[in-house]
Each structure stands twice: as structure tokens, then as C-alpha cells.
Amino acid sequence: MKKIEVKTESKSYEVLIGQNVFSQFVQDFNKPDFKILVVCDKNVYRLHRTRIDDLLNSKENFYFYSFNSTERNKNLKNTELIYKHLFKNNFSRKDAIVALGGGIVGDVAGFVAATYMRGISFYQVPTTLLSMVDSSVGGKTGVNFIEIKNLIGAFYQPEKVYADLNFLETLSPKEIISGAGEIFKYAFLADEENYLLIRNKLAKLLSEKKFDENLIARCIKLKAAVVENDEKELSGLRKVLNLGHTFAHAFESALKFQIKHGEAVIAGIFASLIVSEKLDIISKSDFQKYVSDFLFLPVNKKILNSDTDSVIEFMKSDKKTSDRKIKLVLASKPGNMLIDVFVDERLVKKSLKELFEIFRTV
Ligand SMILES: NC(=O)c1ccc[n+]([C@@H]2O[C@H](COP(=O)([O-])OP(=O)(O)OC[C@H]3O[C@@H](n4cnc5c(N)ncnc54)[C@H](O)[C@@H]3O)[C@@H](O)[C@H]2O)c1
Ligand SMILES: O=C(O)C(=O)C[C@@H](O)[C@H](O)[C@H](O)COP(=O)(O)O
Ligand SMILES: [Zn+2]
């Protein structure tokens, strides 16, 4: 088992990664003198019922709430239902919430924890590759609103994160690819050596479908280093974790959430590389190298058939734009990122068309 310490201004906490870390969770909550609401993904409950029932039945102070984790359910209506459940069961500020599921459950349950009675303790038990390498760490919580991703939210760090690799065994190939999307971005967050390591481990993960504790730990360490230096995205450093995301969130919204977040991120990062090349931030030969290095990552066909005008409209409404001008995070080379780059919308449109052309023929 690996243990990573995340030290942010608002909270320091441990992330445990390994096989059967869930039993550590059960042990940690052996005799709690407070109530715990487990907010669980319905699929996770169906697939891992025995383990979860064992936990719930073993103690009286465990309460349960489950929902279908879709982007459509990542909304304020769902948070209201959870607030009601908490209130009905007399939850107070000394009690706690556990997110047991992927990034959707984590974002929703985390937002409820941040806002119910102005904040109650929150624990993350991520069950997808994406949530282990990214969403369970760093404290971004929130919901979608008026078709815009994560428009309502709060920064709220968990007390502890338990990443149990056993959960990953039931993931579908599509969900593994979605997790790979966020791992792709970590290749650009540090030096060449990290780039190569991530590239090779990610290619291996997709071909062998084996989950590497070291790869997951590396991603979490990279994220923690950023979050520790800019917890609330104030200095701007944290924006590097958003590589490809202005495109990605627009693809998701334009396609009415019919694609996975990580799939959108894969396409978004490739689109950002195209923009970088067009702006001469990266050379043609480096661009070709980066694309060919990660060509094993599939781009969802729905994205390639999306309407560029609609994608651009959503990019202009992204939370991080100013005055509806498109602003991107771009990579110039591994370890060298540019934030807040204003890009002319005609160049964005050209880049989208080029992305569609390249990947239609792959
Ligand atoms: N807060 C952050 O920092 C952050 C970071 C990245 C992504 N996100 C958000 O996270 C969400 C995406 O997360 P996700 O991909 O984990 O989505 P998710 O929670 O929807 O899970 C994806 C799918 O996998 C299923 N699933 C979950 N665990 C499973 C398991 N062990 N076995 C089989 N199936 C399982 C779910 O039922 C769902 O269908 C998006 O909403 C994205 O915006 C947040
Ligand atoms: O932790 C961060 O910071 C990230 O940007 C991680 C992203 O992968 C994640 O998708 C996040 O939810 C995006 O945040 P947003 O502020 O762009 O909505
Ligand atoms: Zn993301």
C-alpha cells in the first residue's frame, strides 16, 4: 500500500492507494461516535454489494444514499435530495459523508459536504480510474448547471482518500479509456522523463488492462504538488490541471453529455496541441511526436462529428473565459505550460477541423 500526504492551506490529509484499502476504511470507522452517510453510485453498489453491505450492516451509524451517476444527475436537484436525507436523519456538523463511486459521486457528495450546515467532514472512496488519479484529490467539488460543467461548486478538501484498486476490476473498457484521458494530461505536467514514463505506463495499462499502483501514485503526487501551491486556483498555477478542458467541457455540453469526461479530455488535449502548433508554441516535429506517442488513445467518434459552432459557443461560456473570449491552457513541452492564452475563435475553429480530419483517418 502507498500513502501520499497532501498538504494544502485548508487541510492536510492522506491518500491511501493499494489492493483492499477499503478494509482500512472499514477499520478506521470501526466504532465511530458520529453518523456517516455513504453516498454511493448505484452501479458500484450492484457490482460490489457484498463488501458494501458488510460495511453498512456492521454498524448502526451508517446511512445510505445511492443514485445513478450520470452528468444529468450531477445537479442541484440531486444535492437537494441528499440535503433532505441528511436532515431527515438528524445529521449535524459533527457527522460525515463518504463518497463511494467515481468522479460524479465525489463531486456531488463533496459539494453537499461543503455546504450542508456550512460544511461537514468528507471522505473519498474513489472507484474509477479517473477518480483515483484525479477527482478524489484536490478538493474541487460541484455540479453542472444550465448545461455548463461544474458551474456551481466549492473548494472543499476531504479528510482522507481511500483508493482501493480492487474496485477497478469491474470497470468497462470505456471507463478505463476515460481514466486514461486524465492520465494523458499528467504527461505534460513535469519533465521529459515523467512524460516518457507516463506514456509507457499508460500504453501498457490500456493493452494489458492491469492497474499499476505506481502510475496512480505518480498522478496523485503530480496533482498534489500543484494543489499544494495553489489550492484555490488563485495564483493560476492550478490551471495547468485544466489542460484540454476548455475543449473537453464544450464537447461534453455540445454533445449533451453523451460522452465520458475523460474521452472529452483526450480529444481536448489533442486539440490543444494543434492550437499550440498553429501558434508556433510547439514545432511541427514536436507536435507530430506528441500525437504519435499518444495515438493509442482513441478519440470518440461522436466528438469527431460534433458541430464546431456549438462547441465554440460553449467554449466562450467556459468558467475561465473573460468577456466570452476563448482562453486556453497550452503545453509548449513537458513541464512547460502556458495558462490564460487568449486564442482567436477562427484559429480554434481551424484546430477543431484539423482534429476531426486527423482522427477520422486513424
Ligand atoms: N473534482 C475534480 O477535481 C474532478 C477531476 C476530474 C473529473 N471530475 C469530474 O468527474 C466526473 C467523471 O468521473 P468518472 O469518470 O469517475 O465518472 P462516474 O462517476 O460517472 O463513473 C463513470 C462510470 O463508471 C461506473 N463505475 C464507477 N465505479 C465503477 C466500478 N468500480 N466498476 C464498474 N463501474 C463503475 C459509474 O456507474 C459510471 O457509469 C465528471 O463529472 C468530471 O467533471 C472532477
Ligand atoms: O483539479 C483541478 O483543478 C482540475 O482542473 C481537474 C480537472 O480534471 C477536473 O475536470 C475539474 O473538475 C475541472 O474543473 P473546472 O474548474 O474546470 O470545472
Ligand atoms: Zn478533468
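All values below were derived from every heavy atom in this structure, side-chain atoms included, with hydrogens, water molecules and symmetry-related copies excluded. Residues take their numbers from the sequence shown, with the count starting at 1. Whatever order the structure lists them in is the order used to number ligands and atoms, beginning at 1.
Note: an N/O pair closer than 3.5 Å links Ile104 and ligand 1 by distance alone. Not a single N or O atom of Ser172, backbone or side chain, sits closer than 3.5 Å to an N or O atom of ligand 1. An N or O contact shorter than 3.5 Å is missing between Glu182 and ligand 1 by distance. Considering backbone and side-chain atoms together, His249 places no N or O closer than 3.5 Å to any N or O of ligand 1.
Residue contact check: Gly102 has heavy atoms under 4.0 Å from atoms 16 (O), 19 (O) of ligand 1. Here is the list of ligand 1 atoms found below 4.0 Å of a heavy atom in Lys223: 3 (O). Atoms of ligand 2 lying under 4.0 Å from at least one heavy atom of Lys185, given by number and element, are 6 (C), 7 (C), 8 (O).
Glu9 has no carboxylate O lying under 4.0 Å from a charged side-chain N of Lys232, or vice versa, which leaves the two without a salt bridge. Using a 4.0 Å cut-off between charged nitrogen and carboxylate oxygen, Glu233 and Lys239 do not count as a salt-bridge pair. The existence of a salt bridge linking Asp212 and Arg218 is excluded, since no basic side-chain nitrogen approaches an acidic carboxylate oxygen closer than 4.0 Å. Between Asp318 and Lys320 there is no salt bridge, since none of the side-chain N atoms of the basic residue sits less than 4.0 Å from a carboxylate O of the acidic one. Salt-bridge annotation for Asp107 and Lys140: absent, with no side-chain N of the basic residue lying under 4.0 Å from a carboxylate O of the acidic one. We find that Glu182 and Lys185 are joined by a salt bridge, their nearest charged nitrogen and carboxylate oxygen being less than 4.0 Å apart.
Glu263 does not count as a contact of ligand 1, since none of its heavy atoms falls under 4.0 Å from the ligand.
Among protein heavy atoms, the minimum distance from atom 11 (C) of ligand 2 is reached at Lys140 CD, 4.1 Å. In terms of protein heavy atoms, atom 3 (O) of ligand 2 is closest to Arg238 NE, 2.7 Å. Of the protein's non-hydrogen atoms, Asp134 OD2, 2.7 Å is the one closest to atom 8 (O) of ligand 2. Among protein heavy atoms, the minimum distance from atom 18 (O) of ligand 2 is reached at Lys319 NZ, 2.5 Å. Nearest protein neighbour of atom 5 (O) of ligand 2, counting heavy atoms only, is Asn242 ND2, 2.8 Å. Looking at atom 7 (C) of ligand 2, its nearest protein heavy atom turns out to be His245 NE2, 3.3 Å. For atom 12 (O) of ligand 2, the closest non-hydrogen atom on the protein side is Asn150 ND2, 3.3 Å.
Remark: Ser69 engages Asp41 in a side-chain hydrogen bond (donor to acceptor under 3.5 Å, both in side chains) (not counting sequence neighbours).
The option from Leu171, Val44, Thr141, Leu168 that lies nearest to atom 34 (N) of ligand 1, judged by heavy atoms, is Leu171. Between Val265, Thr170, Val137, it is Thr170 that holds the heavy atom closest to atom 32 (N) of ligand 1. Checking Lys320, Glu233, Lys223, His261 against atom 15 (P) of ligand 2, the nearest heavy atom belongs to Lys320.
The side chain of Glu182, and not its backbone, has at least one atom closer than 4.0 Å to an atom of ligand 2 (non-hydrogen atoms only; side chain from C-beta on). Under 4.0 angstrom from ligand 1, the non-hydrogen atoms of Glu71 all belong to its side chain. Proximity of Lys140 to ligand 1, defined as any heavy-atom pair under 4.0 Å, is shared by backbone and side chain alike. Only side-chain heavy atoms of Asp41 come within less than 4.0 Å of ligand 1; its backbone N, CA, C and O stay farther off.
In terms of distance to the Zn ion (ligand 3), the nearest N, O or S atom of Glu182 is named OE2.
Outside the 6.0 Å centre-distance limit, the rings of Phe211 and Phe167 are not counted as a close aromatic pair. Between Phe25 and Phe29, the gap from one ring centroid to the other is short of 6.0 Å. For Phe22 and Tyr162, the ring centers sit 6.0 Å or farther from each other.
Partner Val38 forms a side-chain contact (heavy atoms from CB on, under 4.5 Å) with one of Phe62, Tyr65, Tyr63 and no other, that one being Phe62.
No side-chain donor-acceptor contact under 3.5 Å links Asn242 to the backbone of His245.
Ile326 is not listed as a side-chain neighbour of Phe342, based on a closest heavy-atom distance of 4.5 Å or more.
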